[in-house]
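Here's the structure we're looking at; comments come further down.
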Amino acid sequence: MSYRILDQHSALEYIRSHPQAPEHLNLQAELVGEEIGDGNLNRVFRVFEKGNRDRSLLLKQGIPYLRVAGESWPLSPERARMEAQALEQQYRLVGDLVPKPYWFDPELALNAMQDLWRHQVLRRPMVERTRYANLGETIGRFLALTLFGTSDFGMEPKAKKALSGRFVNAELCEITEDLVLTEPFEPKLLGGKTNRNRFNPLIADDLERLQADTELRLEVARLKHRFMSSAQAMLHGDLHTGSIMATPPDAGGKAEIRVIDPEFAFYGPMGFDLGMFVANLFLNAAAQQAHAPDPEERGAYRKYLYTQAERCWETFEVEMRQQFANVQDISWSSKAFQDRFLLETLQDACGYAGCEMVRRTVGFAHVYDLESIPNPELRAEAERLSLALGQELIKISGKTSNFTELMDLVRTTIPEGPSSSSG
Ligand code: SR1
Ligand code: MG
C-alpha cells in the first residue's frame with residue numbers, strides 16, 4: 001500500500017494486517033493504540049494488548065513536514081530510513097542501550113520497535129531534579145562503542161566507506177547546520193536567508209553582544225566546517241536529554257537507560273555527540289537557577305549534573321582506549337596518536353557543547369528545562385547563565401587540554417556552591 005499518514009485507528013489497522021506483528025502482539029486480543037509523539041518531527045503510536053502492558057510495540061512514522069511547524073516546513077519522510085539504519089547499527093554495537101528494532105516499512109516511512117513504556121524521556125524528571133546515578137557512565141559507554149565501532153578505527157576501510165555512504169542525511173544535517181551552527185550567531189544571513197531565532201526579549205542585549213563577538217563567530221565557523229566535512233564515525237546526531245529515556249531510579253539510584261531517536265544520524269566528528277550530551281546537562285544546571293530557589297538544593301543537583309558529565313567523559317576515554325588496544329591498523333596503534341585524537345575529540349565536544357547551549361537559549365528550538373520557567377525575569381537569569389557558559393565553551397574549545405579544565409570553567413560560570421544563590 002502506498003504512503004499515507006497514519007492516525008490512531010489506521011495505526012491499529014496497519015498492525016492487524018502486518019505480517020510481522022504477531023511476533024510481538026496477539027492480534028486476537030483487544031488492542032489499544034495511542035498517539036504519544038511529543039517530539040518536533042514525527043508521529044509516534046504505541047500499540048498494546050489491553051490488560052497486558054508488556055505485549056506492546058511502538059510505531060514511529062516520518063511525515064512529509066516538521067510536526068511542530070506544520071506543512072509550511074516540508075521534510076522528507078526518508079529520515080525514517082536513516083533512523084532504521086542507525087538503530088540497526090547501534091543495536092548491533094550496544095544491544096539494549098537502544099530500543100530493539102522490529103521492522104522498517106519503506107512505503108510508510110515507518111519504524112516498528114520496542115515500546116519502552118516503563119521508561120520516561122529525561123527532560124521532565126531532570127527538571128524535577130531526579131538523579132540517575134549511572135547516566136554519565138552509560139552515555140559514555142554508548143558513545144565509545146557506537147562511535148569507535150563505526151569509525152576507521154573499528155571497521156575495515158572499505159566497509160566503513162560503504163557504511164558512511166548509507167548515511168548521507170543531507171536534509172537533517174542542514175537543520176543542524178542552520179539551527180545549531182549558523183543562525184544563533186549571525187545577526188544577518190547571506191543569500192536572502194532568514195534567521196529563525198526566538199528569544200526572551202529580556203536577553204536581547206546579551207544576544208547582540210554575543211553576535212558582535214568576532215572571535216566567537218570565527219570559532220563557530222570552524223566548528224560548522226568540521227561538522228560538515230569530518231566524517232569520523234556514525235553519530236547519533238541529536239543526543240540531547242530528550243533523546244534519552246530511563247526507568248525510575250532503583251533503591252541504589254541506578255536506572256535502565258536507553259538512547260532513542262537517531263534520525264539525525266550521519267558521518268561526522270565524534271565530539272559532536274559528546275558535546276550535545278554534556279551541554280544538555282549544563283542547560284539543566286542553568287535552568288535550576290529558577291527551578292530550585294533553595295541554594296543548597298540547587299547546588300546539590302548541579303554537583304550531580306557535573307559529576308555525570310565527568311563520568312561520561314571518563315567512561316568514554318577508558319572505553320576508547322580499551323578499543324584502541326585492539327586496533328588493527330598500525331597507523332592508529334601508538335599512544336601518542338590516541339592521546340592526540342582524544343584531545344581533538346574533547347576540544348570538538350567543548351565547542352559543540354557551547355553551540356548547543358547558545359542555540360537552545362536563543363535559536364529556533366528551545367528546551368523544556370528553560371521554557372518551563374514561567375517568570376520571564378527568572379528565565380532571563382537562567383538564560384544568561386546558559387549564554388555565558390556557551391560563549392566561554394566555544395572560545396576555549398580549540399585551547400582546552402583536558403576535561404578538568406573544561407569543568408573548572410563550568411563550575412566557575414554556573415557554580416554549585418550557595419554563592420550561586422539568586423535569593
Ligand atoms: C526543526 S527541528 C528542531 C530540533 O529538533 C530536533 O530534536 C533537533 O535538535 C533539531 O535541531
Ligand atoms: Mg528527536
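Both ligands and their constituent atoms are indexed starting at 1 by order of listing. Worth saying up front: this structure is predicted, and the values here are computed from it rather than measured.
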I'd like a table of the close N/O pairs between ligand 1 and the protein (anything under 3.5 Å), one pair per line with both atom names and the distance.
{"residue": "ligand 1", "atom": "5 (O)", "partner": "N40", "partner atom": "ND2", "Å": "2.7"}
{"residue": "ligand 1", "atom": "7 (O)", "partner": "D238", "partner atom": "OD2", "Å": "2.6"}
{"residue": "ligand 1", "atom": "7 (O)", "partner": "H240", "partner atom": "NE2", "Å": "3.4"}
{"residue": "ligand 1", "atom": "9 (O)", "partner": "D238", "partner atom": "OD1", "Å": "2.7"}
{"residue": "ligand 1", "atom": "9 (O)", "partner": "D238", "partner atom": "OD2", "Å": "3.4"}
{"residue": "ligand 1", "atom": "9 (O)", "partner": "R359", "partner atom": "NH2", "Å": "3.0"}
{"residue": "ligand 1", "atom": "9 (O)", "partner": "R360", "partner atom": "NH2", "Å": "3.2"}
{"residue": "ligand 1", "atom": "11 (O)", "partner": "R359", "partner atom": "NH1", "Å": "2.8"}
{"residue": "ligand 1", "atom": "11 (O)", "partner": "R359", "partner atom": "NH2", "Å": "3.4"}

Checking distances from the Mg ion (ligand 2), one finds that the N, O or S atom of D261 closest to it is OD2

Run the salt-bridge test on K224 and E177 with the 4.0 Å N-O cut-off and return the result as yes or no. no

Looking at F316, does the NZ or CZ of R141 lie under 6.0 angstrom from its six-membered ring centre and within 45 degrees of the ring axis? no

I'd like to know if the side chain of E356 pairs up with that of H240 as donor and acceptor (distance under 3.5 Å, no hydrogens or angles considered). no

With a 3.5 Å cut-off and no angle check, do the side chains of D7 and S10 form a donor-acceptor pair? yes

Side chain to side chain donor-acceptor pair (under 3.5 Å) with E49: which residues, sequence neighbours excluded? R55

Taking atom CZ of R321 as the centre, report whether more than 12 heavy atoms of other residues, nucleotides or ligands fall under 6.0 Å from it. yes

